[in-house]
Protein chains: 2
Amino acid sequence: MGVTIYDIAREANVGIGTVSRALNNHPKIAAKTKNRILEISRRMSYQPHAYAQGLAKRKTNTIALIMPFFTNYFFVEVLQGIQDKITDLGYDIMLYGVNQTNQVEEYLKRALQKGKVDGILFFSMKLPDGFDTRLKELQLPTILVDTFHPDFDSITVQNEEGAYVATRYLVKLGYKKIGMINASLDSEPARMRYNGYRRALEEAKLPFHERYFRISKHSKADGFNREAGYQAMSEVIDKNREDLPEAFFISSDIQAIGALNAMKDRKLTAPEDIAILGFDDIELAKHIGLTTMRQPMYQMGVLAVEKLFHRIQNNDFPPSHTTFSPTLIVRETCGTEKQQPKS
Amino acid sequence: MGVTIYDIAREANVGIGTVSRALNNHPKIAAKTKNRILEISRRMSYQPHAYAQGLAKRKTNTIALIMPFFTNYFFVEVLQGIQDKITDLGYDIMLYGVNQTNQVEEYLKRALQKGKVDGILFFSMKLPDGFDTRLKELQLPTILVDTFHPDFDSITVQNEEGAYVATRYLVKLGYKKIGMINASLDSEPARMRYNGYRRALEEAKLPFHERYFRISKHSKADGFNREAGYQAMSEVIDKNREDLPEAFFISSDIQAIGALNAMKDRKLTAPEDIAILGFDDIELAKHIGLTTMRQPMYQMGVLAVEKLFHRIQNNDFPPSHTTFSPTLIVRETCGTEKQQPKS
DNA sequence: CAATATTGTGGAAGCCTTTCCATAGCGCTT
DNA sequence: AAGCGCTATGGAAAGGCTTCCACAATATTG
């Protein structure tokens with residue numbers, strides 16, 4: 001059905017090798033032959049067959065993207081960075097959006113399928129058991145983003161430090177009763193953020209109150225979502241009616257949005273009743289005036305692609321680890337130094 | 001480097017044809033031979049080579065998804081429907097997220113490349129000139145979502161009717177000065193929504209005020225984004241300080257969020273000062289209590305995949321067009337019948 | 001028990017490229 | 001005019017699979 005190099009070769013009265021050389025502008029070819037062939041192939045609207053090319057070259061020009069997808073807006077923004085960069089480089093993206101945790105293995109297996117992709121970008125999840133060795137055996141270039149393994153290139157955010165900075169900021173504003181709403185501790189970033197929170201409290205000699213700490217475990221997935229935030233905040237408020245915390249550090253913006261909603265339903269506002277500090281700085285944070293810790297999402301996407309290409313071109317160097325520090329973005333939900341909170 | 005069917009054939013003392021039949025559970029093969037081969041191939045951890053398979057079968061098990069990506073959260077939700085459904089069917093997704101309108105052609109060309117994908121899902125954009133005929137020549141199954149062309153299967157939303165219902169609802173609540181903030185009229189949905197808005201006004205014998213109508217053209221892309229909504233609302237308010245509209249129908253939730261922000265910055269609230277009605281019902285609408293027209297996004301994604309498969313299996317029937325009616329979701333930003341607005 | 005039908009198997013051909021190797025043809029040199 | 005070195009070219013081989021055709025080995029029939 002389609003036009004092949006054989007058709008062109010026949011038409012131009014040359015061999016298929018010559019056609020191939022013309023199309024791939026190989027040096028060893030006479031300029032006029034080349035032009036003639038290019039002209040003919042244009043006239044016949046020739047299109048190389050992607051899979052035949054891939055098979056012969058052992059190269060797919062495609063990379064796999066495996067990322068959580070349970071409506072965590074964080075990823076939408078990273079995705080933009082990846083998309084822009086990868087398009088520049090002439091590659092395509094095979095998207096594997098994980099909606100339930102058990103899909104991870106399935107997707108990894110698919111991406112590992114021989115000859116399917118030239119590399120993998122793996123996001124924010126723990127590499128399931130055994131896949132580290134399989135990936136190494138296959139020598140499939142892999143970059144981890146927002147998660148860590150010593151044997152693979154990785155890009156992470158200083159979660160512990162970010163949480164520490166966030167909490168210390170709340171301390172500095174004068175809050176004493178500082179709670180935290182976290183995602184599932186199965187998640188590495190969630191654990192680190194918890195540690196940072198605890199460290200800041202200790203350093204400020206503030207007590208840690210079990211009753212102001214909540215893991216949003218109720219939900220599907222890992223708890224990094226709005227419903228989980230809503231639920232966790234509802235519980236804390238309802239159980240501590242008489243003695244509400246003054247501030248909350250929340251492990252993601254999307255949870256913070258849920259939490260703010262729970263407050264609103266109970267006629268509480270931020271920062272007047274409870275101050276709220278999030279994590280991520282998703283695009284919507286700006287809208288609702290959420291004070292938060294910014295992760296450089298777009299840049300992380302771009303860098304991930306760059307690292308992957310570096311490794312695709314030369315897989316022969318030790319793993320490198322890059323880490324970004326989140327920065328505090330002050331908006332309204334924590335009050336400001338001038339307009340000091342009540343306490 | 002990898003294990004091939006030749007290796008397995010040698011190991012099992014059979015021909016390569018037999019190995020292939022065993023792996024693809026072809027009917028004409030003895031059960032015990034088959035089991036033996038499967039056992040061996042498991043032991044050698046055989047993995048078929050995706051591209052070789054694709055080349056031989058003339059089938060990629062991959063579909064291309066071309067969709068606008070300029071942070072319009074609408075698509076994130078459609079994407080989930082697509083992803084879930086397509087995974088069930090054993091297919092993979094090649095994602096082409098359009099960030100600037102000039103990328104559309106580039107992506108279409110890539111997706112059209114022979115043998116790269118088995119079908120295309122094309123979203124919310126006008127098919128660039130000439131591609132309709134090219135797609136038909138190539139016989140590449142294509143489904144249009146949220147846009148229309150008589151020669152291709154499509155799934156659309158009754159934009160005109162949705163806008164009409166929305167505006168009529170505002171009329172019914174007693175608002176007289178009803179404005180609209182729209183996206184670029186290059187977008188088909190935007191045009192239809194404008195028509196519905198006008199029709200409802202006329203029917204109610206309410207005047208159309210040029211000064212309460214605004215196209216958010218300022219921005220990058222098509223205007224379906226938060227900044228555009230913010231800017232448009234800011235302008236309308238600032239130019240009509242003395243005579244503000246009472247209500248606004250806004251062509252997407254994400255713009256409505258921007259608009260609400262612009263109001264907030266000017267100490268105006270919804271519905272007390274101006275009622276706001278959006279379109280889409282993205283997940284966040286619930287959060288901020290936005291009254292809006294719901295599009296069944298997840299279901300549209302699922303249906304799109306189903307249609308595409310239908311056509312991949314049998315390309316031999318006339319194009320079918322499905323259309324959904326949006327439904328009104330009443331929340332808080334328009335007030336309610338009980339708590340009537342001032343006017 | 002021979003003749004025929006059925007089932008299972010081997011392996012060549014085909015899918016469409018790229019790449020390598022051999023060779024034809026050309027212009028130089030001597 | 002013969003010999004040499006280049007350059008450009010043709011086309012086989014390779015990449016790894018599916019599928020078709022031919023044939024061998026059974027099973028079925030009268």
Side-chain angles (χ1 to χ4, degrees), chain A residues 1-38 40-41 44-62 90 110 112-118 138-139, chain B residues 1-38 40-41 44-62 90 110 112-118 138-139:
Chain A
M1 205 177 86
V3 183
T4 72
I5 51 169
Y6 284 87
D7 301 323
I8 295 177
R10 199 176 325 114
E11 191 75 11
N13 263 310
V14 295
I16 54 161
T18 306
V19 175
S20 177
R21 278 183 291 260
L23 295 165
N24 294 285
N25 58 344
H26 187 98
K28 300 266 148 197
I29 186 169
K32 65 170 188 291
T33 326
K34 177 169 156 180
N35 289 332
R36 192 161 52 89
I37 291 176
L38 288 179
I40 290 176
S41 70
M44 300 177 74
S45 61
Y46 167 77
Q47 281 255 317
H49 189 293
Y51 273 33
Q53 243 172 351
L55 186 58
K57 284 211 204 136
R58 257 139 296 178
K59 191 102 174 31
T60 65
N61 284 312
T62 302
R110 285 205 206 175
L112 284 175
Q113 183 171 150
K114 216 188 323 162
K116 194 152 198 179
V117 297
D118 296 340
L138 288 172
Q139 307 233 49
Chain B
M1 206 178 84
V3 184
T4 71
I5 52 169
Y6 286 86
D7 300 323
I8 295 178
R10 199 178 322 115
E11 190 75 10
N13 262 310
V14 295
I16 54 160
T18 306
V19 174
S20 177
R21 279 182 291 261
L23 294 167
N24 295 287
N25 57 345
H26 186 100
K28 301 265 148 198
I29 187 170
K32 66 171 187 289
T33 326
K34 178 169 158 181
N35 290 332
R36 193 160 53 90
I37 291 175
L38 288 178
I40 289 175
S41 70
M44 299 176 75
S45 60
Y46 167 77
Q47 283 255 317
H49 189 292
Y51 274 32
Q53 243 172 352
L55 187 58
K57 284 210 203 137
R58 261 142 291 179
K59 191 104 174 32
T60 65
N61 283 310
T62 302
R110 285 204 206 177
L112 285 175
Q113 182 170 151
K114 217 189 322 164
K116 196 151 196 180
V117 298
D118 296 339
L138 288 171
Q139 307 233 49

Using whole Å, report how far [atom1] of [X] lies from [atom2] of [N].
X	N	atom1	atom2	answer
B/I8	C/dG10	CD1	P	14 Å
A/I5	D/dG15	CD1	P	17 Å
A/K32	D/dT9	NZ	C1'	12 Å
A/D7	C/dT17	CG	P	9 Å
A/Q53	D/dG16	CD	P	17 Å
A/H49	C/dT18	NE2	C1'	15 Å
B/K34	C/dT7	NZ	P	16 Å
B/R58	C/dG14	CZ	P	11 Å

Taking side chain as C-beta onward, heavy atoms only, is [X] less than 4.5 Å from [Y]?
X	Y	answer
B/V14	B/R36	yes
A/H49	B/L55	yes
B/L23	B/S41	yes

A/K28 versus A/H26, closest heavy-atom pair with distance
N-CD2, 3.2 Å

Decide yes or no on side-chain contact (heavy atoms from CB on, under 4.5 Å) for B/Y46 and B/V19, but give the supporting numbers first.
CA-CA 11 Å; B/Y46 167 77; B/V19 174; over 6 Å; no

Considering residues at least two apart in sequence or located in another chain, which fulfil the salt bridge (charged side-chain N to carboxylate O under 4.0 Å, His left out) criterion with A/R21?
none

List in chain and number order the residues that pass salt bridge (charged side-chain N to carboxylate O under 4.0 Å, His left out) with A/K59, two or more places apart in sequence or in another chain; answer none if no residue qualifies.
A/D118

Name the residue closer to the 5' end of DNA chain C, choosing between B/N13 and A/K57 according to the nucleotide with the nearest heavy atom.
B/N13

Residues from residues 15-31 of chain A sitting under 4.0 Å of DNA chain C, heavy atoms only?
A/I16, A/G17, A/S20, A/R21, A/N24

Is the phosphate of [N], meaning OP1 or OP2, less than 4.0 Å from a side-chain N or O of [X]?
X	N	result
A/K59	C/dT18	no
B/Y46	D/dC17	yes
B/T33	C/dT9	yes

Quick one: label A/Y51 by what it contacts on the DNA or RNA (base, sugar-phosphate, nothing), any heavy atom closer than 4.0 Å.
nothing

Out of C/dC16, C/dG10, C/dT18, which nucleotide sits closest to the side chain of A/A56?
C/dT18

